[in-house]
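Quick caveat: nothing in here was measured; it's all calculated off a predicted structure. Each ligand, and each atom within it, is numbered from 1 in the order the structure gives.
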Amino acid sequence: MTTTTSRALALSVFPDAAATIEALAQLFIERAAAAIEARGVFRVALSGGGTPRPLYERLAEPECAERVDWSKVHLFFCDERCVPADDAASNMELVRDSLVSRVSIPEGNVHPMDGTLAPAEGAAAYEKVLGDEPLDLALLGMGGDGHTASLFPGGAELDAGEARVAAAVSPNAPTDRITLTLRTFGEARELVFLVLGADKAKRLAGVESQARGETMRGETLLPAASVSLAGPRPRWFIDAPAAAALDSGGAAALADFGVIGMAVMGRNLAFNVVDHGFDVAVWNREADLMRSAVAESEGRLTGTATYAEFVATLERPRRILMMIQAGKPVDMVLEALQPLLDEGDIVIDGGNSWFEDTRRREASLREVGIRFVGVGVSGGEEGARNGPALMPGGDVDAYERIRPVLEAIAAKTEHGDCVTHVGADGAGHFVKMVHNGIEYADMQFIAEAYDVLQRRLGMGPEELAATFKRWNKGPLSSFLVQITAQIFAKADPDGGWLVDRVLDKAGQKGTGRWTAQVALDLGVSIPSIAAAIDARVLSSMKSDRLRFAKVLKGPKVNADLGITVDDVEAALYAAKIGAYAQGMALIHAGAEEYGWSIDSEEIARIWTGGCIIRARFLETMMEAWRRNPNLANLMVDEKVSTELDERQAAWRRVVGSAVSAGIPVPGMAASLAYYDALRSARLPQNLVQAQRDAFGAHTYQKVNDPEGPFVHSEWL
Ligand SMILES: O=C(O)[C@H](O)[C@@H](O)[C@H](O)[C@H](O)COP(=O)(O)O
């Protein structure tokens, strides 16, 4: 099948009638499920004629029928001939015979038009049956003259104004008809045409050119084309013979890339991909979101109605990006996709997935020949649209296949495209997780600097904005410092500053917490990141804090260490190095544990742009690992250690001053303690070992024989 929406009609062209019917049956089933989940009912209008009969029969087969909750399906009619309901010409009779009599749909859910009434009366009666609620789906056909439902070329029923149902007169017997109007179709959530056979080809080409706005002078607008003008853009399910006279011959090019999930991140990434010249097919569980994305793209994105259609729309090997909520939804989508995919196809998960899930998914899909790439995507909505940092992990060959797209859409800096193959299976999501841990710490340090500047140096938002703006021009230059300056500068429309209106309770979605959990498991010390997570947790205990504040006393002596704004800048910079050092140590431990070959300089490089932690300091980090690819800890690099040394006096003053004043600075203090621990050749943990041995005979090693045997002493 080929699909295109970039042309006048949103076409889905299938090789033959059977394939077309099958795809439409699947669409019906998926739409019914989605509507029932969203609104509790599925309101669908059916058409008559010979073309849809096999569709109804297919829906009635157990394989399909069992997947529809018929008790929640309400069947309406697009039109009816004014004949008794059991007349062979009646659409109700057709639907009864091919579908209703074969599935367990309650009688009260079938809403026929009364063909025994005079057309105008029948139409008025059906207005009441139909009600105001829009149809979820109208299945339409097209006659050889371009009519649809009982809207005939030039017919008065095309001009029914506000009426939802109208009387109509057909050029063919039986001539009296009742039909839904353009208003009703315009209000429907989705319209789908089913057109089969060579005898419709020419007329379909006419509809195509009219839909493109090419109406000849004096030519009547075909009702099948008018329908598209009124409301949702209809999809056309057609077979190859019906497509033969179309401009494209139905042989529309397959899309290069697919995106599942049209929430803001997926949508923005899809737009980003399309902007770089790739043809992109999109799918979303809620059709409304997908349609609005396609509409906004002015047809540059190809909307698809079902998984089957989405998959069939893509060039092989397929490249499919999932931008959906991490966790169970990823498994659910993979389960639906997998049977439709072919060996060699590539599925990319761009969500913030737990890296162990990515490892599991990669392994299980590899068994069936499907390549799974977990990509960490950073940069938020704006980054997704204009250039994120991308951290892909998975099979190298799969990466090579998606590389042109990823490189095209990634952020660009003077150091290249902010994307690199991070490592195998879950490496990309692991690195993204650590990125977020560093992000948490970075944000915490900034918050602490704000607190100190405010409470020790008495700065207000305007001064803070100016200070952060200035800092952003120096070594602290970074996205987070830049937006912090902007945040302080934002006035509250009701007076004062907006930042002061924000409740001091920080939320979290979990990636920061994962970083700490993994670090504990791998035995890596990340105190600054852990402190940032704790700080968010403590902040969220607002009601407790309000009560405790009345009980717990602050310091009586408040040593004024005479700190300056420059001291705070230095402390912030030094503390920040702590978080990067800890994050990179964790990445190295992960690489060791999971067998990833990670290039530290490359990680620093791809973080120089697009992502939330992008900062000038990343260049120093790149240099550090270029100097020594096996650098054991960022802090011991020659340049970094000098920078720390230059700042340590200020750093200690700021932490000391804050501690003395009772201002919590857990992040800055944790980085400082980390630094001091790393530079302590001797720590007091000899005592901890002695205690362990004393109460539990846990043994210890001796100072004069550090690699030697573990011994036990009788201490007590
Ligand atoms: O790199 C990014 O674009 C961010 O890290 C993003 O992925 C993260 O989800 C949000 O910043 C919210 O995270 P929290 O809700 O946990 O603060």
Side-chain angles (χ1 to χ4, degrees), residues 261 263-269 272 321-327 329-330 348-355 357-358 374-393 406 409-411 413 418-420 422 426-447 478-484 487 502-519 526 528-540 576 579-580 583 586-587 603-615 618 667:
V264 63
M265 288 296 284
R267 189 186 182 105
N268 283 0
L269 282 168
N272 190 347
L321 169 65
M322 294 192 296
M323 282 311 293
I324 58 173
Q325 201 192 324
V330 176
I348 307 159
D349 173 15
N352 269 336
S353 288
W354 168 233
F355 78 97
D357 281 344
T358 306
V375 182
V377 178
S378 179
E381 293 173 29
E382 200 276 332
R385 183 67 185 83
N386 299 314
L390 299 170
M391 295 152 247
L406 299 191
I409 64 169
T413 69
C418 293
V419 57
T420 195
V422 170
H429 278 142
F430 189 97
V431 167
K432 174 68 200 322
M433 172 191 77
V434 176
H435 164 284
N436 280 23
I438 297 171
E439 172 186 312
Y440 274 45
D442 236 345
M443 293 165 75
Q444 174 63 21
F445 302 142
I446 292 174
S478 61
F479 170 70
L480 284 169
V481 166
Q482 175 210 317
I483 64 162
T484 303
I487 288 169
V502 180
L503 186 66
D504 52 336
K505 283 169 76 171
Q508 53 177 312
K509 292 206 208 75
T511 42
R513 190 173 55 237
W514 290 344
T515 316
Q517 285 164 346
V518 174
I526 56 158
S528 314
I529 296 172
I533 300 161
D534 277 340
R536 287 197 190 188
V537 174
L538 282 163
S539 80
S540 69
K576 190 178 160 79
Y580 284 99
L586 182 55
I587 288 175
I603 302 296
R605 185 187 68 74
I606 64 172
W607 286 348
T608 56
C611 65
I612 305 293
I613 64 170
R614 61 184 184 263
L618 265 317

Are the side chain of [X] and the backbone of [Y] linked by a donor-acceptor contact shorter than 3.5 Å?
| X | Y | answer |
| --- | --- | --- |
| N268 | A384 | no |
| T515 | T511 | yes |
| H435 | V377 | no |

Which ligand 1 atoms does [X] reach within 4.0 Å, using its non-hydrogen atoms?
| X | result |
| --- | --- |
| N436 | 1 (O), 5 (O), 7 (O), 8 (C) |
| K509 | 9 (O), 12 (C), 14 (P), 15 (O), 16 (O) |
| Y440 | 14 (P), 16 (O), 17 (O) |

Query raised in the report: Got a second to check how far D357's CG is from D349's CG, nearest 0.5 Å?
Result: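 Here the interatomic distance stands at 9.0 Å.
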
Judging by distance only, is a nitrogen or oxygen of [X] under 3.5 angstrom from one on ligand 1?
| X | value |
| --- | --- |
| I612 | no |
| G380 | yes |
| Q508 | no |

Query - Passing candidate, ring-ring contact (aromatic ring centres under 6.0 Å, His included) with W514, options W354, Y440, F430 - result: W354

Do the side chains of [Y] and [X] get nearer than 4.5 Å, heavy atoms only?
| X | Y | result |
| --- | --- | --- |
| S539 | D504 | no |
| P392 | I348 | no |
| F355 | V434 | no |

Query - Protein residue, atom and distance nearest to atom 9 (O) of ligand 1, heavy-atom basis - result: N352 ND2, 3.2 Å

Report task. Please write down residue, atom name and distance for the protein heavy atom closest to atom 1 (O) of ligand 1. Result ->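 Heavy-atom neighbour on the protein nearest atom 1 (O) of ligand 1: S378 OG, 2.4 Å.
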
**Report entry** Shortest heavy-atom approach to atom 5 (O) of ligand 1 - which of M433, E439, M443
**Finding:** E439

Query raised in the report: Just going by heavy-atom distances, which of K432, H435, R536 is nearest to atom 17 (O) of ligand 1?
Result: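 When every heavy atom of K432, H435, R536 is considered, R536 comes closest to atom 17 (O) of ligand 1.
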
Query raised in the report: Does G379 have a non-hydrogen atom less than 4.0 Å from ligand 1?
Result: yes

